[in-house]
Chemist: 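One structure is given below, represented as structure tokens, and several questions about it will come after.
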2 protein chains.
Amino acid sequence: MQIIQDNVLCTYYLNHKELKKVFTSEEHPFQIRRYSRNEVVFEEGEDIDGFYIQVSGRTKITTSVITGKALLLRFCSAISFMGDIELVQKVPIQSHVTAVEDTDFIFIDQTYIYNELMKDIAFLQQLLAHATYKLQTCTTASRINLLASVETRFASYLCTVRNGVSFGKEIQTANSMEIASLIGTTTRHLNRIMEKLVFDKVIEKNKKEIIVIEWTKIEELSGGLRYE
Amino acid sequence: MQIIQDNVLCTYYLNHKELKKVFTSEEHPFQIRRYSRNEVVFEEGEDIDGFYIQVSGRTKITTSVITGKALLLRFCSAISFMGDIELVQKVPIQSHVTAVEDTDFIFIDQTYIYNELMKDIAFLQQLLAHATYKLQTCTTASRINLLASVETRFASYLCTVRNGVSFGKEIQTANSMEIASLIGTTTRHLNRIMEKLVFDKVIEKNKKEIIVIEWTKIEELSGGLRYE
DNA sequence: TAATGAAAAGGACAAATGTCCCAAAAGGAG
DNA sequence: CTCCTTTTGGGACATTTGTCCTTTTCATTA
């Protein structure tokens, strides 16, 4: 992680439509923190040092389960708020966050949050809007998780990473073990599912890559479920 | 539903430690709305008329899935906030709410929410605390849903309804069809699970009732997952 | 009381998914 | 290049869960 001292960039980020109504004052005691691809942003269980607003790039939110595997919760892109649960509930970091591409955050120190922003109507409203939105999608995801098959979850995974891939960049992971773990299954079973999709000519696998031939079919299989 | 005109009771409810720091002013344009056992409080998809604070009793939050079944999201008791997602996101009611025993709510009209309380720091903070708490539990529930077996979910269901049952009251539902639907499975399979538990002398079934013999075993099976 | 219909119980089978394991392929390190 | 580790691919089998049906039980009403 590097801290970027660039007031122009910071002002530019703060000028985003969702943020400018919140951060009106000229002076901002904020930092830009930049994480490179694959860098860990938050480690589950540790204490958080402040509030993070993701303003660029793409991150992967996972959580570990009893088995020690990482289960995918969702992908995030700008604008996302991170640290809300932790700071409001005063609990340790709830999930593991990794940058899947170079990602910038605006970092706001927790004392500034507690002393200033937690008394700021605009900020509270914005935070609340984000929290309830997350809650809404989480509730939906929860019930879908209960009912969706591995095939559906795999298709959702593909759709989600597809949209996140900027033009020209390859898909982040064609690694069976990681995908299996993320969508909560075993490599063995994921293999079976992919085998079937290859047989049906919906996807192709050439070493180290998954190539989707029929996106429409994959979208259909995903049933609208997205990890974001 | 009946609207209770009882200022003493209303003041009593508002004096609850979580509420009194929010609602300090003497004059409160609030109502008490009382729902009897099994009465529907919210119908999924309809528009909400205001904000509801559950101050007594017990409610069941469900959501319907493609199959037309009702899937259990959680049980709620006092103090719970309802309508937060709907009012903040301005969306229709997201889930079906039924009173499982006589339940009182403080009702706050939406115009008062939008005009007054959404500008009230204490209220916003409280709302945020509730929303992030829900978010925290929902995230956990979501990943458990993905991995938990029907046996686990059934045990969780039993544990949850057990705690909610006031002394002397019988368990709300010993109805196989409803339980199966709530925990997201079929009666056939629920039957098998119960059969096994009866065989292992963990539970007993005498017509129309499920009697748990070994709560410790059920708690163990539930793996700590709770619908609340 | 007899007829009727909903709910419960459960057999038979199929589909989805997990576990265990082993062999082949691919990547790295020396 | 060779050896070693990791990943992939997949066979064989067990477990979980769903589907489809039939029978039984129970409650309700004509």
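In what follows, every chain begins at residue 1, and chains take the letters A, B, ... in the order their sequences are listed. Heavy-atom basis, side chains included; hydrogens, waters and symmetry copies ignored.
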Chemist: What protein N or O atoms touch nucleotides 20-24 of chain C N or O atoms at under 3.5 angstrom, if any, and at what distances?
Modeler:
none

Chemist: Please list, chain by chain and in numerical order, all residues satisfying salt bridge (Lys or Arg N to Asp or Glu O under 4.0 Å) with A/R34, sequence neighbours excluded.
Modeler: A/D104
Chemist: I need the residues from residues 141-149 of chain B with at least one non-hydrogen atom less than 4.0 Å from DNA chain D; give them sorted by number, or say none.
Modeler: B/S149
Chemist: Using only heavy-atom distances, determine whether the side chains of B/Q126 and B/E18 contain a donor-acceptor pair under 3.5 Å.
Modeler: yes
Chemist: Identify, between B/M194 and A/H189, the residue whose nearest nucleotide on DNA chain C lies closer to the 5' end.
Modeler: B/M194
Chemist: Looking at five pairs on each end of the helix from C/dT1-D/dA30 to C/dG30-D/dC1, what is the angle between the two axes, given to 10 degrees?
Modeler: 30°
Chemist: Taking A/K217 first and then A/D200, would you say they form a salt bridge - that is, a charged N and a carboxylate O separated by under 4.0 Å?
Modeler: no
Chemist: Is atom OH of B/Y133 surrounded by more than 12 heavy atoms (other residues, nucleotides or ligands) closer than 6.0 Å?
Modeler: no
Chemist: Touch check for A/T187, heavy atoms < 4.0 angstrom, all strands: base, sugar-phosphate only, or nothing?
Modeler: nothing
Chemist: Using atom CZ of B/R192 as one end and atom P of C/dA14 as the other, report the distance to the nearest whole Å.
Modeler: 14 Å
Chemist: Can we say B/R192 and B/E195 salt-bridge, meaning some charged N sits less than 4.0 Å from an Asp/Glu carboxylate O?
Modeler: no
Chemist: Look at the side-chain N and O atoms of B/N191 and state whether any lies under 4.0 Å from the OP1 or OP2 oxygen of C/dA9.
Modeler: yes
Chemist: Main chain of B/S181, side chain of B/T185: is a donor-acceptor contact present, judged purely on distance under 3.5 Å?
Modeler: no
Chemist: When the distance from CD of B/E209 to P of C/dA7 is rounded to whole Å, what number comes out?
Modeler: 19 Å
Chemist: Looking only at the aromatic ring of each residue, does the gap between the centers of B/F107 and B/F30 stay below 6.0 angstrom?
Modeler: no
Chemist: With a 4.0 Å cut-off on N to O distance, would you call B/E101 and B/K60 a salt bridge?
Modeler: no
Chemist: What contact category does A/K196 fall into here, base, sugar-phosphate, or nothing, at under 4.0 angstrom with non-hydrogen atoms?
Modeler: nothing
Chemist: Assess, by modelled atom type and distance only, whether the side chains of B/D84 and A/T132 contain a donor and an acceptor separated by less than 3.5 Å.
Modeler: no
Chemist: To the nearest Å, give me how far apart CD (B/E195) and P (C/dG10) are.
Modeler: 5 Å
Chemist: Going 5' to 3' along DNA chain D, between which two nucleotides do contacts with chain A fall, using a heavy-atom cut-off of 4.0 Å?
Modeler: D/dT7 to D/dA12
Chemist: Can you name the salt bridge (Lys or Arg N to Asp or Glu O under 4.0 Å) partners of A/D49, sequence neighbours left out?
Modeler: A/R33
Chemist: Checking A/S36 side chain against A/E39 main chain: does a donor-acceptor pair fall under 3.5 Å?
Modeler: no
Chemist: Taking atom C1' of C/dA8 as reference, at what distance in whole Å does atom CE of B/M177 sit?
Modeler: 9 Å
Chemist: Check the pair A/Y52 / A/F81 against ring pair (Phe, Tyr, Trp, His ring centres under 6.0 Å), numbers first and verdict last.
Modeler: CA-CA 6 Å; A/Y52 290 69; A/F81 287 2; over 10 Å; no
Chemist: So do A/D102 and A/Y35 actually touch side chain to side chain, heavy atoms under 4.5 Å?
Modeler: no
